[in-house]
Amino acid sequence: MFRLSPTLRNPVRVILVLAVLIVAAGVIIDRDTNEFTLQTAVGQTNDTLQTSKDFQHLERANRAFIDLVARTRPAVVQITTKTQRRIITSERRQTTPEQEEQFRDFFGDEFFRRFFQEREEEPRERQVPPSLRRSPNPDPVRGVGSGVIVSDDGYILTNNHVIERSDEITVTLSNGKEYTAELVGRDAAGTEVSGTDLAVLKIDAEGLSTLPFGDSDQLEVGEWVIAIGTPLNFSQTVTRGIVSAKGRPGFFSGIKYGNFIQTDAPINRGNSGGALINIRGELVGINTAIVTGGLSMGNIGIGFAVPSKMAQQVLPQLIKHGKVERGWLGIGMRPVDADLAGKLNFDAPRGALVSGVSKESPADKAGIRRWDVIVEFNGETIRDTDHLMHVVAATEIGKSVEVIVLRGDNQEKRLTVKLGKRTEEVIAKLNSELDKTDNMQSELKGSSLNRDEQQEAFAGLHVQNLTPVIAERYGYASDEKGVVVTQVESGSNAEKKGVVSGSLIQEMEWTSIDDLETYSRLVEQLTNENKKQVLLYVKSPNGQGGAYVTIKVSTSDR
């Protein structure tokens, strides 16, 4: 008797087997004619796919990326560094040689060199016994990073942290040729006068492939980019992603002039100094830093690159002077918040609020005052405080530029500023002056006054009559009118708006204030009217000018 095999007894399995046989035989059923037609099914599928418009678009995009990489890779180099270990003999040493080796093995040479680099030998009286010292000739520390050729005669742009403290620097081209590199200039991170973490090297070569600079300001979030470098010692590695964000600050990496491009193009240790390239084959950034999760030192899709525009600004100075000199305005700054933006009739917050002016600084000589809002600098509309810092730093020292500020009741002032040089000394002077102002405000806040000499707190402000002693103490003229602020309540809207102890209130809702009696009468009137906010004209201590400030009255609005 004929029997079905166990496999074919199951109807579902029978159907599946028949389907496989039909496909394998290339049999197609034409439902219109009820006929069977033999076809080459796989071949037909490939032919149809290759002639479809979608496939053609994909093929063109694929070929475009392949060609892009082929054009740009020769301009990206591997940088290898060698640093002789310095013997640490200080009693302050916190790690053993074995622990340091473990750190180096786990984090890698580049990370080790930057954060655990050994210091030069210290004075003999601080030395430890010879039996506890390390070998007199320890193996050198080696590091690997990336760089970008920016001129055909051998100038290479990279990160300073890639080559920092190195004794030997070797550059390897995409074709495998090696050159000894010379450090031409660097702009280290973590200082008050520098901060891009860029460096320039020079090799003795001609006719090299280069990358043209692109305009990083024109990058759009979502735009395709590729990264090329030497992650984890894998040279000429190419990754692709998009621009995730722009204008990221560099505080997390110690880079003062960050203004980073954020990308999700995979970047790992060793990519530092490598190229971020747009689809036109232009250099739009120097890959510099990553954010990692937990103990992982690898990529999690958050990488940062120094914008090409910033690199272009510092490159000539690094080549010519070996360092970067930056413009200096001499002001403290605060962001323009939504309330102030509304008062200035801005669609959205923009500009930079001047919170302090250093005496005899370029800003002071030009007539910029505390509480001015800088909206334009040298023809460029200012977006925020970071933007102003960058454009000032990038402006030539000694150059006279026009600055547009808004003062008081939206009065526009056009001032001419001759920029100075940013140095450690002028920064220290500004910080000292700001600290002195803070101390004076603390003294006034803690002064003991009779009850009848003060007004009860209104809008977070305590005030009193302006006396000759107080006027002299805070730099007001002897014939000034108004009331002086003795205390600003913590967390109040007035504090957020920058009103400080020692400030002089001279107007309230366009009405002049002569003394405490006038002020108290206006406060009572506004309280009865249930005012939610009040407009004040406030002068700052030590002749730093005045401005109109809108303060919320209700404590619930703080």
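The chain is numbered in sequence order, starting from 1.
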Any side-chain heavy atom of [X] within less than 4.5 Å of one from [Y]?
X      : Y      : value
Glu396 : Leu419 : no
Ile286 : Asn159 : yes
Asp372 : Lys413 : no
Val200 : Leu157 : yes
Leu58  : Lys53  : no
Val392 : Met389 : no
Phe213 : Val150 : yes
Ser361 : Val426 : no

Can you tell me how far apart [atom1] ([X]) and [atom2] ([Y]) are? Round to the nearest 0.5 Å.
X      : Y      : atom1 : atom2 : value
Ser272 : Ile163 : OG    : CD1   : 12.0 Å
Ile149 : Ile203 : CD1   : CD1   : 5.5 Å
Leu173 : Gln236 : CG    : CD    : 9.0 Å
Asn233 : Thr80  : CG    : OG1   : 7.0 Å

Residue pair [X] / [Y]: nearest heavy atoms and the distance that separates them:
X      : Y      : value
Gly214 : Gln312 : O-OE1, 4.1 Å
Ile302 : Gln262 : CG2-NE2, 3.9 Å
Ala199 : Leu183 : CB-CD1, 4.4 Å
Asp197 : Thr288 : OD2-CG2, 3.7 Å
Gly145 : Val162 : CA-CG1, 3.9 Å
Arg422 : Gly327 : CB-O, 3.8 Å

Hey, does the side chain of [X] reach the backbone of [Y] with a donor-acceptor pair shorter than 3.5 angstrom?
X      : Y      : answer
Lys202 : Asp153 : yes
Thr230 : Gly270 : no
Asp364 : Glu360 : yes
Ser166 : Glu168 : no
Glu282 : Ile277 : no
Thr263 : Ile242 : yes
Asp187 : Thr196 : yes
Thr172 : Gly176 : no
Thr158 : Ser146 : yes

May I ask you to say whether [X] pairs ionically with [Y], meaning some side-chain N is under 4.0 Å from a carboxylate O?
X      : Y      : answer
Lys497 : Glu495 : no
Asp167 : Lys82  : no
Asp67  : Arg63  : yes
Asp217 : Lys309 : yes

message = Check this for me: Asn62, atom CG, are more than 12 non-hydrogen atoms of other residues, nucleotides or ligands nearer than 6.0 Å?
response =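 Atom CG in Asn62 is crowded, with more than 12 foreign heavy atoms closer than 6.0 Å.
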Run Arg350 and Asp384 through side chain to side chain contact (heavy atoms under 4.5 Å, CB included) and show every step you take. CA-CA 6 Å; Arg350 60 181 174 89; Asp384 50 35; over 6 Å; no
TODO: Start with the C-alpha gap between Lys429 and Lys359, add the side-chain angles, then the distance that decides, and say whether side chain to side chain contact (heavy atoms under 4.5 Å, CB included) holds.
DONE: CA-CA 9 Å; Lys429 180 176 180 292; Lys359 291 183 179 179; 4.0 Å; yes
Given the rule in the side chain to side chain contact (heavy atoms under 4.5 Å, CB included) test, do Thr180 and Ile169 qualify, once you have shown the distances and angles that lead to the verdict?
CA-CA 6 Å; Thr180 298; Ile169 305 173; over 6 Å; no
task = Establish, for the pair Arg248 and Phe304, whether the NZ or CZ atom is under 6.0 angstrom from the six-membered ring centre and no further than 45 degrees off its axis.
result =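 That pair does not qualify as a cation-pi contact.
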> So, His390 versus Gln313: side-chain donor-acceptor pair below 3.5 Å or not?
Replying inline: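 No, because no side-chain N or O of His390 sits under 3.5 Å from a partner of the opposite role on Gln313.
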Output, in order, the C-alpha distance, side-chain angles, deciding distance and verdict of salt bridge (charged side-chain N to carboxylate O under 4.0 Å, His left out) for Arg280 and Glu223.
CA-CA 11 Å; Arg280 289 169 287 280; Glu223 184 173 336; 3.3 Å; yes
Practice problem: Just do the side chain to side chain contact (heavy atoms under 4.5 Å, CB included) check on Glu412 and Ile404 with the steps written out, would you? | Solution: CA-CA 7 Å; Glu412 182 179 285; Ile404 299 179; 3.5 Å; yes
